[in-house]
Amino acid sequence: QVQLVESGGGLVQAGGSLRLSCAASGRTFSTYTMAWFRQAPGKEREFVVGISASGGRTYYADSVKGRFTISRDNAKNTLYLQMNSLKPEDTAVYYCAAGIRLMTSRAAAYDYWGQGTQVTVSS
């Protein structure tokens with residue numbers, strides 16, 4: 001059982017930065033693969049980046065590679081997403097997700113989801 005709550009979203013100008021956090025409840029957090037997804041208006045939910053349970057492996061969507069960095073602090077039951085060089089195309093609701101399976105970009109493979117946090121990047 002995992003409960004996830006995202007925070008850190010907001011309005012930022014293109015080229016700026018934001019750091020999202022995902023606070024998790026449950027002692028099994030450290031056993032879960034974690035990921036960030038995003039969903040823009042009128043579009044399907046899109047994989048952004050995933051991280052293994054230990055934090056040792058990551059996988060980034062090409063659209064954010066080199067700009068975003070995922071990390072986790074299992075001692076604090078917290079997942080992070082550092083977003084730099086933001087573009088208007090990054091505007092979306094960002095969701096934290098947790099799964100018991102190996103890292104994947106498939107949204108359906110994740111078992112728990114946060115409520116999302118809005119990120120808006122102005123031009």
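By convention here, the first residue in the shown sequence is residue 1. What's counted below: heavy atoms across the whole structure, side chains too, no hydrogens, waters or symmetry copies.
R38 forms no cation-pi arrangement with Y95, by the criterion of a distance under 6.0 Å to the ring centre and an angle within 45° of the ring axis.
Contacts of S122 classified as side-chain contact (heavy atoms from CB on, under 4.5 Å), with partners at least two apart in sequence or in another chain: L11, Q13. Legend: residues meeting side-chain hydrogen bond (donor to acceptor under 3.5 Å, both in side chains) with D73, ordered by chain and number and at least two apart, are absent. Among residues two or more places apart in sequence or in another chain, the side-chain contact (heavy atoms from CB on, under 4.5 Å) test is passed with S17 by Q82, N84. Checked against side-chain hydrogen bond (donor to acceptor under 3.5 Å, both in side chains), T120 has the following partners two or more places apart in sequence or in another chain: Q118. Every residue two or more places apart in sequence or in another chain that forms a side-chain contact (heavy atoms from CB on, under 4.5 Å) with T58 is listed here: I51, Y60, I70. Listed by chain and number, the residues in a side-chain hydrogen bond (donor to acceptor under 3.5 Å, both in side chains) with K43 amount to none (sequence neighbours excluded). Looking at residues two or more places apart in sequence or on another chain, you find a side-chain contact (heavy atoms from CB on, under 4.5 Å) between Q3 and S25. Residues passing the side-chain hydrogen bond (donor to acceptor under 3.5 Å, both in side chains) test with R67, sequence neighbours excluded: D90.
Within the structure, the ring-ring contact (aromatic ring centres under 6.0 Å, His included) test picks out the following pairs touching residues 5-52 (sequence neighbours left out): Y32-Y112, F37-F47, F37-Y110, F37-W113, F47-Y59. Sorted by first and then second residue, the salt bridge (charged side-chain N to carboxylate O under 4.0 Å, His left out) pairs with a member in residues 5-33 form an empty list; sequence neighbours excluded. Within the structure, salt bridge (charged side-chain N to carboxylate O under 4.0 Å, His left out) contacts touching residues 96-110 (residues at least two apart or in different chains) do not occur.
Y80 shares a hydrophobic cluster with no other residue; no ILVMFWY side chain has heavy atoms under 4.5 Å from its own.
Between T31 and I100 there is no side-chain heavy-atom pair separated by less than 4.5 Å. For the pair S63/E46, a side-chain contact is recorded, criterion being any heavy-atom separation below 4.5 Å from C-beta on.
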